[in-house]
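Encoded as structure tokens, the structure appears first; notes follow it.
Fair warning: this is a prediction, and the values are worked out from it, not measured in the lab. Letters A, B, ... mirror the listed sequences (proteins, then strands); counts begin at 1.
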Amino acid sequence: MQSRWDIGEPERPTINAETEQLKSELLRLNMGPQHPATHGVLRIEIWTDSEIVAHAIPHLGYLHRCMEKHTENLDYRGIIPFVDRLDYIAAMSMEWGYAMAVEKMLGTEVPRRAELLRILTGELQRIASHLMAFGTYALDLGAFTPFLYAFEMREKILRLFEEVSGARLLYNYIWIGGVWNDWTDEQLNRVTAFCDEMEEEAKKYHELVSMNKIFIERTANVGVFTVQDCFDYGATGPVLRGSGHKWDLRKNMPYSLYSEFDFDIPVGIAEVGVVGDCWNRYIVRMKEVIESIKIIRQVQAKLEPGSIMGKVPKIIKLPKGEIFMRSECPRGELGLHLVSEGPEAKTPYRLKVKSPCFTHVSMLPHAAPGQMIADFVATVGSIDIVLGEVDR
Amino acid sequence: MHNQLAELINKNVLGASAVVNKTEDAKTHASITVEASAIYKVAEFLKTNTEMPFNALQAVSGVDYLEYIEVCYIMGHFDMNAPRDLILKVKITDRVNGNVDSIVKLYPAANFQERECYDMFGIKFNNHPDHRRILCPDDWEGFPLRKDYIAQKTYNGMEVFPDSKSNMEDREYIVRQGMIKKAQEGAANKVQ
């Protein structure tokens, strides 16, 4: 079997014409697995010619737990804590995607209040996740202050989630058939206050970071993905939208109650650079925060007292067949391919997780050649990866 | 949609013999099975045709049924006017040397996805540009998501699956389900 150290020197592209005359050898560097700019345990092997990257080869698997094998020995309810641990920054969205897949096969009706509470938590989670992306991205590029601002606001969401579900990061809150716990009026009032505050904060972020000269210099025209690249590599979420393609499952293939809501899909624009660069992926996330606030306000207007759990049998047994369920998570589309053997089996026969970050990491070797090392760090940060989901 | 698409594939790709796996109710999704030898041409047709194109490959998954391993190509069309999904399957009966043509040239997304499928199920992808394991270490033995897989006891001198720590309930569960036995019976039948 071929070892990962025996790949040999890759073919050398003409990337650095000025110093080409020096005929220096390519230098092989390891970025990671403990590099702070890789957001987790990702190792990228980069081949550089002085400061310019010739090749980038991601090496995955440092956080591989083979969660897909675990699920084959667990009952359908027991899997929810496991899907939490995929994307630990946005655990609510993962739970929701899984619960929807099982409910679709089971034919369960979810009560209206439960659906609205799911949208509420899902959108709050999206804001929390994008705040994390905003803070750490600025940190990658050398700005420390935005990180503190972002975590101050994120903490407010985590406090709410902790009160409602009992946990700060891994919630086990969205259950099959509904949600576990109801929100009190006092908590919902705090959500309203949070939305007002967040809108004001977002303006501050735009002044501090988005239109900052240094930030624009670092991100505009860097790491450009065209729409065709995104289709080729199957990219979704802010990466696809940052490239200017208007595609959001919440609008295009509405699930849950999203068809009742009024919101826009922000896409990349050629404001400071070209469409599809790092700045666009960043700004799409920041605009989505505003759209999420819009949705949360509409949810609060629609909320009425009612049941939060539908009728689900004690032991869940799914009919024979398979399903591929997609849902829009903060980082892109989560797809769950769930195969059931029939009503005798209490466990899934196979659960494949199509993770958005895995596909985005596969775009890095395409983006890297010809970039400066510092620009490559900016590109890695802009796709906002979570390694729990890449390695599963 | 599946019937129409299967007809289109059969009309345009020689030797594809596309079959629709129908579903009884709306709770589950239908799929299309094609011949493993024709997968490259089918994928090429799906990407380039004008009637029902699929512009993205979302995932390459596998399911081990013991008699055969199924490779599922999950396609998607990211277009706001006509969004659609497709589960395209090929069956591979050879558990030792099972192979199928790679579609990396058509969909670069298949690069990592096929590597994952090889890592987990041991299906070889012909003409793949970088055919290595992706999640497990390169010298790991066996393919974890196969139903008859039992983890190796030591890895490079380290004890990774000692009897004292291994979950015997899991092993007994596998035996109770008769999965290994079923696999052996399936193999024996083929020899006869």
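Across every non-hydrogen atom of B:F112 and A:L60, the tightest pair is CE2-CD1, 4.0 Å. Residues A:C66 and B:P144 come closest through the heavy atom pair SG-CB, 4.1 Å.
Between chain A and the residues B:G62, B:A56, B:P108, B:A59, the most heavy-atom pairs under 4.5 angstrom are made by B:P108. Residue with the most contacts toward chain B among A:E322, A:M105, A:H337: A:E322 (heavy-atom pairs, distance under 4.5 Å). Among the candidates B:N111, B:T23, B:I87, the residue making the largest number of heavy-atom pairs closer than 4.5 Å to chain A is B:I87. Between chain B and the options A:H245, A:K251, A:M325, A:H366, heavy-atom pairs under 4.5 Å are most frequent for A:H245. If you tally non-hydrogen atom pairs under 4.5 Å between each of A:N252, A:V361, A:L318 and chain B, the highest count goes to A:N252.
With a threshold of 4.5 angstrom between heavy atoms, B:R115 does not approach chain A through any atom at all. Of the atoms belonging to B:S61, heavy atoms from both backbone and side chain fall under 4.5 Å from chain A. Residue contact with chain A, scored on non-hydrogen atoms closer than 4.5 Å, involves the backbone of B:L57 exclusively. Both the backbone and the side chain of B:N55 come within contact range of chain A, judged by heavy atoms closer than 4.5 Å. A:M253 touches chain B through its side chain: at least one heavy atom from C-beta onward sits under 4.5 Å away, while N, CA, C and O do not. Contacts between A:T359 and chain B at a heavy-atom distance below 4.5 Å involve the side chain alone, from C-beta outward. Residue B:D79 touches chain A through its backbone alone, counting heavy-atom pairs closer than 4.5 Å. Only the side chain of A:T236 has a heavy atom closer than 4.5 Å to any heavy atom of chain B. Of the two parts of A:L106, only the backbone, made up of N, CA, C and O, holds a non-hydrogen atom closer than 4.5 Å to a non-hydrogen atom of chain B. No part of B:N21 comes within reach of chain A, as not one of its non-hydrogen atoms sits under 4.5 angstrom from that chain.
Contacts of residues 27-40 of chain B with chain A at a heavy-atom distance below 4.5 Å involve B:K27, B:T28, B:H29, B:S31, listed in sequence order.
Every ring pair (Phe, Tyr, Trp, His ring centres under 6.0 Å) that B:F78 has, sequence neighbours left out, goes to A:W247. Every residue two or more places apart in sequence or in another chain that forms a salt bridge (Lys or Arg N to Asp or Glu O under 4.0 Å) with A:R326 is listed here: A:E333, B:D85.
Residues in residues 350-362 of chain A take part in these salt bridge (charged side-chain N to carboxylate O under 4.0 Å, His left out) pairs, two or more places apart or across chains: A:E68-A:R350, A:K352-B:E116.
Salt-bridge check for B:K47 with A:D232: passed, with a basic side-chain N closer than 4.0 Å to an acidic carboxylate O.
The ring of A:Y233 has its center no closer than 6.0 angstrom to the ring center of B:Y107.
With contacts defined as side-chain heavy-atom distances shorter than 4.5 Å, the pair A:Y62/B:L135 does not qualify.
In this structure, NZ on A:K69 lies 11.0 Å from CZ on B:R146, to the nearest 0.5 angstrom.
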